[in-house]
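The chains referred to below are lettered A, B, ... by the order of the sequence lines, with proteins before strands, and numbering in each begins at 1.
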4 protein chains.
Amino acid sequence: MTEQRRPGRPRSEAARRAILDAAMRELEEHGYAALTVQGIAARAGVGKQTIYRWWQSKADVVLDALIDMADTHIAVPDRGSLPEDLMAFLKATFDQRGRRPVLIGLMAQALLDPAFARAFRDRFLASRRAAMRKILERAATRGEVAPDIDPETVIDVVYGVLWYRLMLNHAPLDETASSQISDLLLRGITRDR
Amino acid sequence: MTEQRRPGRPRSEAARRAILDAAMRELEEHGYAALTVQGIAARAGVGKQTIYRWWQSKADVVLDALIDMADTHIAVPDRGSLPEDLMAFLKATFDQRGRRPVLIGLMAQALLDPAFARAFRDRFLASRRAAMRKILERAATRGEVAPDIDPETVIDVVYGVLWYRLMLNHAPLDETASSQISDLLLRGITRDR
Amino acid sequence: MTEQRRPGRPRSEAARRAILDAAMRELEEHGYAALTVQGIAARAGVGKQTIYRWWQSKADVVLDALIDMADTHIAVPDRGSLPEDLMAFLKATFDQRGRRPVLIGLMAQALLDPAFARAFRDRFLASRRAAMRKILERAATRGEVAPDIDPETVIDVVYGVLWYRLMLNHAPLDETASSQISDLLLRGITRDR
Amino acid sequence: MTEQRRPGRPRSEAARRAILDAAMRELEEHGYAALTVQGIAARAGVGKQTIYRWWQSKADVVLDALIDMADTHIAVPDRGSLPEDLMAFLKATFDQRGRRPVLIGLMAQALLDPAFARAFRDRFLASRRAAMRKILERAATRGEVAPDIDPETVIDVVYGVLWYRLMLNHAPLDETASSQISDLLLRGITRDR
DNA sequence: CGTTAAGCGAGACGGTACGTCTGGTCTTCGT
DNA sequence: ACGAAGACCAGACGTACCGTCTCGCTTAACG
């Protein structure tokens, strides 16, 4: 049951790779704001049309490049307890150093273009949220989570802080941050009674 | 100690207002992505140079317009207890319905332009954070907050969720959201022991 | 020895024609001073870049349009004697009625832009001077011209008067003018001894 | 019958001079094409309005500057015979070395702006033509000119060559040129019978 | 001597066109 | 049919000047 071959010259995998690589390199060197389809095409040694044939915009290219390089499946090994799971997850998730320019650029695009926002949400953000959701479900099964807590809200809080700091760059996303957020989520901010 | 008058024709307040108004109206009608300096100038009945003379980019215009229309000083009346203060603040803060396009556009710009990001942070976001900080300080004075809690992290959580939902538009920013966040912050997510 | 074809989409002849035509029509209707690249592009239904890709300035466009419409090769049939040749040439040359705005505009540009002046001289004026030169050479062969006369000076006189009257518009360029110039050149102004 | 004094502050002669001087200096340094009213005003330490109050355009300023510096009255001393008068006149007239940029610029403006063309003709060119006309009249009185020669045509020939060479810069305006033109005018180009 | 009236430097104003840039599409040939 | 090359239409960009306007200040002559 092989994939039926279409007539004509098949899509060039070399071109695809060249485009994704060129996009990432342009982005690293000049930043997302300076990214242009022309620039990517020139750097990849490819015609502009070859890009437009397969992607709708430069953001889609970058999104593909990101997904291509990111772990498609996020492993969330069970460490036995919510605090440990959460801490491990935050540490892994917050470490976005290298990817910051890419994420920032894509978010900017998503803010300006609702159609791309959907793609960004469904093809990238969703899988991250799913990982976090799995941890919470595990904890719920263990009875570690209060029953009236909405897991989606918790996920929003985690990714909210992550993105907020990623975007404004006013506070670090290091281990201290992880443990503060973790603490805050687990205990709340109120003084223990 | 009077403000020394500069020589030459003074800046036209009428033009300033017309530009800010035109920017907001263009934004409401066509969205931030379609906003152009030419469009603002045309709508305001103003030369483009008059815009470039006083603002560095369309984002700066919109930022000024936003600040102009937003309450410069955010009132945070003391309701007596942290839970009540927090709930009131969240309800007021989350109600950004009308401003969403403006905020989204400005954040997009901030992500693309570090110089503007600074202005956005210092001239707009800072005052919002200050309001939240005041509430936390008040609560700390009352002994309502655990001593090892970093108020800046709490602020990041609150505004993190706000922005995350504002940007992704995947979950409401209504009263239910407010109380969930409030609950979560006050008690943590762990089942009471 | 065929012209090697370059890769990519070939230049659009339709666009070239549309641009030249639009330039001439704009010029006829509004005059050279009001001619703008934007206007030509709009009238031709063409992007501005398509003009800038092939011409350096609006003057170059007009020069091409003029050369395109002018007889590239000026016929100077041999009428047998210098007086007859000269009179025929002057009558033909002085009849610039329709072209006056074009010529005036190009000369203005040439006066303001030395680079264009060169192009104007070499690509347009030179061929006109060559025609006159041929007549004088023919007359010299016949022994009709005094041997110490510099033909270039004579050419300068003819075209000098032509341009001077064309520019100042203070005297006609009609048949009377032709015969006066012709007379003057042939006999000089001194009373016959 | 003295010029009735108008009330209010009188026109500043210092400003007038500064403007004319600044215009000439700008012109010498950067050429007519780069001349701007703003530039003249800045260089002269004068407000733009002070220029527009007294002149209609930069060309009018330059024209005034030219007239100011040129000999208002052109002396044409009677040397006794047409050949000597003519030669002296041509030598003096052709020597426009320093003034070339000014004359070229003004002519360019005249070609683009009919209103200025009139001013240029009446306020500058006319007096030059008058000088030449006087010489021809003198010669006519002496019986040196053929009776059917139109002096205006002769003047056009002289100034035609002058301007043609001045504008195209393809041939010198030196003494050789003067004597060639003089010869040609006096004897015609035909071989002596 | 103070009022009146214009000129002055300065510089912001509403405009227009510039020449450049990028977007997204189309058209060619070669593979 | 795909890929490269590159021209095409479109339109915003930010700049440069235009010619006008609006300030406060200066400079006379007149009452």
Restricting to side-chain contact (heavy atoms from CB on, under 4.5 Å), what partner residues turn up for Asp60(C), sequence neighbours left out? Trp55(C), Gln56(C), Ser57(C), Phe116(C)

Can you list, by residue number, the residues of residues 101-112 of chain A that have a non-hydrogen atom closer than 4.0 angstrom to DNA chain F? none

Which residues satisfy the side-chain contact (heavy atoms from CB on, under 4.5 Å) test with Thr36(A), sequence neighbours excluded? Gln38(A)

Are Leu20(B) and Arg16(B) packed together at the side-chain level, in the sense that at least one heavy-atom pair is separated by less than 4.5 angstrom? yes

Can a salt bridge be assigned to the pair Asp21(B) and Arg17(B) using a cut-off of 4.0 Å between side-chain N and carboxylate O? yes

Would you kindly give the CZ-to-P distance between Phe116(A) and dG23(E), to the nearest whole Å? 15 Å

Where Ala22(C) and Ile40(C) come nearest, the two heavy atoms and their spacing: CB-O, 3.8 Å

Taken in chain and number order and not counting sequence neighbours, the residues that satisfy side chain to side chain donor-acceptor pair (under 3.5 Å) with Arg123(A) are Asp64(A)

Listed partners of Arg9(B) passing side chain to side chain donor-acceptor pair (under 3.5 Å), at least two apart: none

Near DNA chain F, counting only heavy atoms under 4.0 Å, which residues of residues 50-59 of chain B show up? Tyr52(B)

OP1 or OP2 of dC8(E) sitting under 4.0 Å from any side-chain N/O of Arg11(D)? no

Would you kindly give the CZ-to-P distance between Arg6(C) and dG30(E), to the nearest whole Å? 14 Å

Those residues at least two apart in sequence (or on a different chain) that pass side-chain contact (heavy atoms from CB on, under 4.5 Å) with Gln49(C) are Tyr52(C), Arg53(C)

State whether the distance check finds a donor on one side and an acceptor on the other, under 3.5 Å, for side chain Lys48(A) versus base dG6(F). no

Can you name the side-chain contact (heavy atoms from CB on, under 4.5 Å) partners of Ala117(B), sequence neighbours left out? Ala110(B)

Applying salt bridge (charged side-chain N to carboxylate O under 4.0 Å, His left out), which residue pairs with at least one partner in residues 25-39 of chain D are found, sequence neighbours left out? Glu26(D)-Arg43(D), Glu29(D)-Arg43(D)

Shorter than 3.5 Å, N or O on both sides, protein versus nucleotides 22-27 of chain F: list them out with atom names.
from    : atom 1 : to      : atom 2 : distance (Å)
dT26(F) : O2     : Arg9(D) : NH1    : 3.0

Under 3.5 Å, side-chain donor or acceptor atoms of residues 99-106 of chain D against the rest of the protein: list the pairs with distances, not counting sequence neighbours.
from      : atom 1 : to        : atom 2 : distance (Å)
Arg99(D)  : NE     : Gln96(D)  : OE1    : 3.4
Arg100(D) : NE     : Leu166(D) : O      : 2.8
Arg100(D) : NH2    : Leu166(D) : O      : 2.9
Arg100(D) : NH2    : Met167(D) : O      : 3.4

Indicate yes or no: at least one non-hydrogen side-chain atom of Met107(B) is less than 4.5 angstrom from one of Met107(A). no

How many Å lie between CZ on Arg16(A) and P on dC2(F), as a whole number? 16 Å

Should the pair Arg11(C) and Trp54(C) be classed as cation-pi, given the thresholds of under 6.0 Å to the six-membered ring centre and 45° from the axis? yes

Between atom CD in Glu13(A) and atom P in dC2(F), what is the gap in whole Å? 15 Å

Go through residues 32-47 of chain B and report each residue with a non-hydrogen atom lying under 4.0 Å from DNA chain F, sorted by number. Thr36(B), Val37(B), Gln38(B)

